[in-house]
Structures are given as structure tokens and as C-alpha cells.
Amino acid sequence: MAKLVEQIQEYLANKYQSSVQIQDFASLSGGGGACQDNYRFDLQVEQGELAGEHQLVLRTDKGGSLFSSLSKEQEFGVCSLAYANGVKTPRPYLLEKDTAHTGNPFFIMQRIAGKANGRFVVKDRSLQKARKQIVEDLARNLAQIHTIKESANQQNSVHAALLRSTSSLAYAQNAVKELQDQVKNLNEPHPAIELCLHWAEKNAPETGELVLVHGDFRTGNFMVSPSGLDGILDWEFSHWGDPCEDIGWLCMRDWRFGKLNLEAGGLAKREDFYQLYAEHTGKPVATEKVRFWEVIGNLRWAVGSIEQAERHLSGVDKGIELAAIGRRTSEMEYEAMRLVENAV
């Protein structure tokens, strides 16, 4: 840790052409299933444009990741695009692609107040009065994210960074095909996943104009406090896609943290969130399209859980958290089948 602090302090001194001082450097990262390493620190810059005190976060790559996450350069570009378009997300400060400084690419962003722990967000009494405001803030910010359109960013460097861009006509079908290919490469058969994929293949909806999709818009990735939403985090799965993807992902059972009757992230009834989102977009939510993407979300998370367990079993990256995540697969399979059974 001391070596990393020394490396970052030297880097920032050269970057800002000023003497700098790092204090309170500490890890924010989770356990073996986490995709990124994050460190908090306070920075004192003595002179220049950024002279003063700054509360910051260093975000860098960890060993493995779930699904296909963006590189640090790509994620920084998406964060910058969202921030510039008025989304409540931490201010991006700087990006470093050269691995010579710390051994990995990294970027530095604003550190914001609040807490993100899912169980705290949905259950803590200190947020009892604030949860209604948090839901309103989330609906407004999600609608704002979805105003960022692929067609308006064709010349933007972020456009090339969003790896899953595709034709809107074939978008849902391609999502199904990607999952089918992943399932074929698993070490064991999973008939429940294949059954749900068969339904998804037959019920893939049309997608309109592709917009920026956060890709992991869920409780646990929002910093909140008694004043409401402090910021949206973790853009590493962003892509051009269908806005209903984000709504379906938010409503997945696994992100309710025990508040199962509050389908929208353990914070609100599904219908209430739909109404708030519709008020900000001026368009009603296509509920059956959300169902499709909720099924796809559960299947993606099921496959991701299997892949995490296989990392553990292979010995490549052994860890109790990876093994525990694999145990969740059956929960996602069951939920996907329940959604399919109740589909219109």
C-alpha cells in the first residue's frame, strides 16, 4: 500500500506541476468477487488550477471480472459523457492509460458522500424519510441517462468504447444469442437456463433508438444519504442498448436485499417507479419489454455466477466469495422461470 501511495503521489505531482500530499489512503474494495480495486484518499495540491483540498477515489483493474467489462479508458469516457450530460455521478478528474506508473491503467474521480451497501439502503432507519426522495432521484437520473443517444454521439470517442453497440433491429436477438453462446461453453448443462433462453428467443422485442444504458443500475451502485441520492457509481458495463434493460435489471429479485415486495431495487413498488420514470421521459414504460430484459438479466447473472464458481473450482482464482456466488445460480434460474411462467 505504501508503495502505491508513493507512486500515485509522484504521478500527481508531475501531472499538476505542483507539490502534492496524499493522506488517509485506504482500500474501498470488496472481496474476491469484486471486479475493481478502489482506493479513497485526500489530496492537497499546493498550486495551480486545482490548488486546494480534494476528496478522491482511485479506480483500477482487479484480476477477473464478470461478463465483459469496459477498460479503464472506456469507463472514464462513459463517466465523462454522463457527467457532462447532467447525470448525478462523481466528477471524473483524470485518466492514465500507461501501466508504467502503478502496473495497471487507472482513473481518478471525485469521492462523494453517502453509503451504497444494499441492506443499508433498503433497511436502515436513518433513510426512512429519504427513500421516497431517493426513488424520485433514481427515476429522474435514469431518464437523464437514457437521453444520451448513440446517434448523437457517432463522432464521440466514447462511441467506439461501448463494446456492445449493434443494430437496434437485431439488438434483443443478439442479446439472446450472446447468452446461448456463453451457455454452450459452460462445463455443465443448465436446462433451466436453456428453457428460459428458448422463451426469450421466441419473445425478443423490437428495440427503438439505442441509448446509453448504465448496465448495472441497481441498489448497491447508488450512493445515498438522508438527503437523497448522492451519486450513481460503477459504469463498467455501460453500452448502447434498450432503456428497458436498466429498468429490468433494477427490478431483479436479487437487488431487493430482502424487501421482496418492493420490486424496484427494494425501494419502491414496480408500478410506482415506472410512473416516476414515465413522468420524466414523457413515455409509458413497456412493461412486457421490461419483463423480457428482467429475464435476460437473471440469466446473465446466473451465467456470471456459474463463471465465478468455475474460477474458484479451476484453482485460477480461489476464494470463498467466488464459491458462494456460484451457489446463487439456482436462485436466478428459479426467478427467470417464474417470470416466464407469468408472462402475458
Side-chain angles (χ1 to χ4, degrees), residues 23-31 34 36 38-43 52-59 79 82-93 108-147 214-238 246-281 285:
Q23 294 180 328
D24 297 328
F25 194 92
S27 174
L28 294 172
S29 299
Q36 312 290 337
N38 300 291
Y39 302 91
R40 55 164 288 163
F41 64 99
D42 296 334
L43 178 70
E53 296 182 0
H54 304 269
Q55 295 182 318
L56 303 173
V57 169
L58 170 73
R59 190 161 166 81
C79 292
Y83 184 82
N85 279 273
V87 178
K88 198 163 190 178
T89 193
R91 171 191 170 187
Y93 271 68
I108 293 174
M109 64 182 184
Q110 173 192 13
R111 187 171 83 245
I112 57 176
K115 295 182 180 180
N117 178 273
R119 295 192 181 280
F120 169 82
V121 173
V122 305
K123 294 182 177 181
D124 196 87
R125 290 184 179 180
S126 68
L127 298 178
Q128 188 169 350
K129 294 181 179 180
R131 287 194 182 93
K132 185 175 181 181
Q133 182 61 49
I134 291 168
V135 173
E136 164 66 29
D137 292 342
L138 288 172
R140 182 177 65 256
N141 276 271
L142 186 59
Q144 188 64 30
I145 292 169
H146 295 161
T147 65
H214 180 278
D216 200 9
F217 192 85
R218 62 171 179 87
T219 303
N221 283 339
F222 316 132
M223 294 289 277
V224 304
S225 66
S227 62
L229 176 70
D230 292 303
I232 296 167
L233 307 176
D234 295 343
W235 296 82
E236 69 265 32
F237 301 121
S238 301
D246 276 337
I247 302 174
W249 189 257
L250 174 67
C251 291
M252 280 172 52
R253 183 186 180 97
D254 207 42
W255 311 135
R256 302 174 198 168
F257 296 95
K259 294 286 188 177
L260 299 183
N261 61 319
L262 300 176
E263 300 100 323
L267 294 166
K269 294 287 188 183
R270 181 189 299 267
E271 295 78 10
D272 293 340
F273 185 82
Y274 288 0
Q275 182 177 346
L276 287 169
Y277 176 83
E279 288 174 2
H280 289 289
T281 61
V285 172

Please find the pair of heavy atoms, one from Asp137 and one from Gln133, that lie closest to each other, and give the distance. OD1-NE2, 2.7 Å

Would you say the side-chain atoms of His214 pair up with the backbone N or O of Leu233, donor to acceptor, closer than 3.5 Å? yes

Side-chain (Arg253) to main-chain (Glu263) donor-acceptor, under 3.5 angstrom: no

Indicate yes or no: at least one non-hydrogen side-chain atom of Trp235 is less than 4.5 angstrom from one of Ile145. yes

Scanning both residues in full, the closest heavy-atom pair of Asn141 with Lys88 reads OD1-N, 2.8 Å

Leu142 versus Ile232: any side-chain heavy-atom pair under 4.5 Å? no

Qualifying residues under side chain to side chain donor-acceptor pair (under 3.5 Å), relative to His54, sequence neighbours excluded: Tyr93

Could you tell me whether a side-chain N or O of Asp216 sits under 3.5 Å from a main-chain N or O of Asp234, the two making a donor and an acceptor? no

Is a side-chain donor or acceptor of Arg218 paired with a backbone partner of Gly265 at a separation under 3.5 angstrom? no

Side chain of Thr219, backbone of Gly118: donor and acceptor closer than 3.5 Å? no

Smallest heavy-atom separation, Asn85 atom then Gln144 atom, equals O-NE2, 2.8 Å

Considering all heavy atoms, the nearest Leu267-Leu262 contact: N-CB, 3.8 Å

Taking the side chain as every heavy atom from C-beta outward, state whether Phe273 and Leu138 have any atom pair closer than 4.5 Å. yes

With sequence neighbours excluded, tell me which residues meet side chain to side chain contact (heavy atoms under 4.5 Å, CB included) with Lys115. Phe120

Exam field: side chain Arg91 to backbone Tyr83, donor-acceptor pair closer than 3.5 Å: no

Glu136/Lys132 salt bridge by N-O under 4.0 Å criterion: no

Which pair of heavy atoms, one from Trp249 and one from Trp255, lies closest together, and at what distance? O-CD1, 2.9 Å

Could you check whether any side-chain N or O of Asp230 sits under 3.5 Å from a backbone N or O of Ile112, counting only pairs where one atom can act as donor and the other as acceptor? no

Least distance between heavy atoms, Gln55 atom then Asp42 atom: CG-OD1, 3.7 Å

Just wondering, do Leu276 and Val135 contact through their side chains at under 4.5 Å, heavy atoms? yes

Whether Phe25 and Tyr39 hold their rings parallel, tilted or perpendicular, with breakpoints at 30° and 60°: parallel

Is there a side-chain contact between Ile247 and Phe217 in this structure, where contact means two heavy atoms from C-beta onward sitting under 4.5 Å apart? no

Would a distance-only check, ignoring hydrogens and angles, find a side-chain to backbone donor-acceptor pair under 3.5 Å from Gln110 to Pro90? no

I would like to know whether Asp124 and Arg119 meet salt bridge (charged side-chain N to carboxylate O under 4.0 Å, His left out); could you show each step before the answer? CA-CA 7 Å; Asp124 196 87; Arg119 295 192 181 280; over 6 Å; no

Tell me if a side-chain donor or acceptor on Asn38 pairs with a main-chain N or O of Ser27 at a distance below 3.5 Å. no

Is there side-chain contact between Lys269 and Gln275, with at least one heavy-atom pair below 4.5 Å? no

Is any side-chain heavy atom of Arg40 less than 4.5 Å from a side-chain heavy atom of Leu56? no

